[in-house]
S.K.: 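Dropping the structure in here first, questions after.
Below, chain A is the first sequence line, B the second, and so on; all start at residue 1. Because the structure is a prediction, the values reported are computed rather than measured.
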2 protein chains.
Amino acid sequence: MQPIESLQQQFEARCRKLGLAVTHQRTVIYRELVATGEHPTPEAVYERVKAQIPAISLGTVYKNVKTFLDAGLLKEVSLHHGTLRLDANTDPHHHMVCRQCRRIFDIPESEIEPVRLKNLPESGFQIDRFSIEVLGVCGACAAARE
Amino acid sequence: MQPIESLQQQFEARCRKLGLAVTHQRTVIYRELVATGEHPTPEAVYERVKAQIPAISLGTVYKNVKTFLDAGLLKEVSLHHGTLRLDANTDPHHHMVCRQCRRIFDIPESEIEPVRLKNLPESGFQIDRFSIEVLGVCGACAAARE
DNA sequence: ATATTAAACGATAATTATTCTCATTTGTCA
DNA sequence: TGACAAATGAGAATAATTATCGTTTAATAT
Ligand SMILES: [Mn+2]
Ligand SMILES: [Mn+2]
Ligand SMILES: [Zn+2]
Ligand SMILES: [Zn+2]
């Protein structure tokens, strides 16, 4: 029979594979992140974790969030460019974002087949528009890697 | 014959329609935003404008950027949630974002037809993945508006 | 053209988000 | 168990953004 791994065991295994120490803080941060079905801010994670580890520091939450993002244990919702990025082109269009140099390129709307939802959005969500981002590496950065 | 409106004239007309004064600062900020084909930060806009209006304040740039965003003269690239939003769900999936309450809802990947580019991306961009965001108003917020 | 006035501006303080530094503690591995 | 690198906590530092307030300016009605 297959061994059934608990979330905790899976987490520990992934940490080992990544060479990360399995600390109490790390464990609780990850557990709380999974527990909320939401898309919390680092601050919100801190609040949840602090209920269990009152002495934890917000810096520790930030550090581990970053570690988890790098490791692929977490994703960020919407690209976090650190600061607002503006676009005076108000024609509907989409974007390619290079994860190396962070540059942003336009894609004309006509280049992409229209997005289609297979079902009506649950819970009466009223759709305004779709925003598509193509994530990857731009030609220049790909070339620079040899 | 049709009158051909310069960008400047179009800008002034839109300001009047919105009840916004046509100030020198506003005019130059908008002109520079359009001039750069890029997706600049407010700071970068400030630098460009300062070359023409040395006494301008960064606060003025921020205020007008916000005004322009509200008015629809500008768009933001990627949704700017103000702070990082995390997702422990690493299965490929997409999101609906309510522009009223800013809540974020999951959409399973299976609910959306795969994105198709009609042509190969120019300039050798290597695609990693697509991120789709459905922008609109959630059921709760729509109901609350009567 | 000039006066009136609300809106916009500039300077700068305040706030919020995030990162950094460094002394201390803790997990890992021999 | 002991050694040591990694991780943590406290708090300072930085970066991004917003707020305050006295002065200037654009709009508009004389
Ligand atoms: Mn664009
Ligand atoms: Mn999600
Ligand atoms: Zn690049
Ligand atoms: Zn809502």
S.K.: Would you please indicate if the ring centroids of B/H95 and A/H39 are separated by under 6.0 Å?
M.R.: yes
S.K.: Are B/Y62 and D/dT18 close enough that a side-chain N or O sits under 4.0 Å from OP1 or OP2?
M.R.: no
S.K.: Restricting to non-hydrogen atoms, name the atom on A/L135 and the atom on B/S131 that form the minimum distance, rounded to 0.1 Å.
M.R.: CD1-CB, 4.3 Å
S.K.: Bend across the helix from C/dA1-D/dT30 to C/dA30-D/dT1, to 10°, with axes taken over 5 pairs at each end?
M.R.: 40°
S.K.: From D/dG9, D/dT17, D/dA7, pick the nucleotide closest to the side chain of B/P42?
M.R.: D/dT17
S.K.: To the closest 0.5 Å, what do you measure between CD (A/E111) and NE2 (A/H94)?
M.R.: 11.0 Å
S.K.: Check the distance between C/dA11's C1' and B/Y46's OH and give it to me in whole angstrom.
M.R.: 11 Å
S.K.: Nearest 0.5 angstrom please: B/K66 NZ to B/E76 CD, how far?
M.R.: 11.5 Å
S.K.: Just how far, in rounded Å, is P of C/dA7 from CG of B/D70?
M.R.: 16 Å
S.K.: If you look at every strand shown and take non-hydrogen atoms under 4.0 Å, does B/H80 touch a base, only sugar-phosphate, or nothing?
M.R.: sugar-phosphate
S.K.: How many whole angstroms separate atom CG of B/L58 from atom C1' of D/dT17?
M.R.: 9 Å
S.K.: With rounding to the nearest 0.5 angstrom, report the CZ to NZ distance, B/F68 to B/K63.
M.R.: 13.0 Å
S.K.: Side chain of B/R26: nearest nucleotide among C/dA8, D/dT17, D/dG9?
M.R.: C/dA8
S.K.: Does B/G82 or B/I29 map to a spot on DNA chain C nearer the 5' end, using the closest nucleotide for each?
M.R.: B/I29
S.K.: Please report the distance, rounded to the nearest Å, between CG in B/L84 and P in C/dT19.
M.R.: 8 Å
S.K.: Answer yes or no: does atom NZ of A/K17 have more than 12 heavy-atom neighbours from other residues, nucleotides or ligands under 6.0 Å?
M.R.: no
S.K.: Separation of A/E12 atom CD from C/dG27 atom C1', in whole Å?
M.R.: 12 Å
S.K.: Can you tell me how far the NE2 atom of A/H80 sits from the NE2 atom of B/H81, to the nearest 0.5 Å?
M.R.: 11.5 Å
S.K.: Verify the cluster assignment for B/I132 and B/L79: are they in a single hydrophobic cluster under the rule of side-chain heavy atoms below 4.5 Å apart?
M.R.: no
S.K.: Give the minimum heavy-atom separation between A/P40 and A/V45, together with the two atoms involved.
M.R.: CG-CG2, 3.8 Å
S.K.: On DNA chain C, nearest-nucleotide positions of A/G59 versus A/E43: which is more 5'?
M.R.: A/E43
S.K.: Measure CG/B/L18 against P/C/dA8 and give the value in whole Å, please.
M.R.: 11 Å
S.K.: Is B/T83 near enough to C/dT16 that one of its side-chain N or O atoms lies under 4.0 angstrom from OP1 or OP2?
M.R.: no
S.K.: For the hydrophobic clusters of this structure (ILVMFWY residues joined by side-chain heavy atoms under 4.5 Å, transitively), does one cluster hold both A/I29 and A/L20?
M.R.: yes
S.K.: To the nearest Å, give me how far apart CD1 (B/I53) and P (C/dA11) are.
M.R.: 12 Å
S.K.: Over all strands shown, is A/K63 touching base, sugar-phosphate only, or nothing at heavy-atom distances under 4.0 angstrom?
M.R.: base
S.K.: Grab the N/O contacts between the protein and nucleotides 26-30 of chain D below 3.5 Å, and write none if there aren't any.
M.R.:
| unit_1 | atom_1 | unit_2 | atom_2 | d |
| --- | --- | --- | --- | --- |
| D/dA27 | OP1 | B/V22 | N | 3.0 |

S.K.: Take atom CG of B/N64 and atom C1' of D/dT17, then tell me their distance rounded to the nearest Å.
M.R.: 15 Å
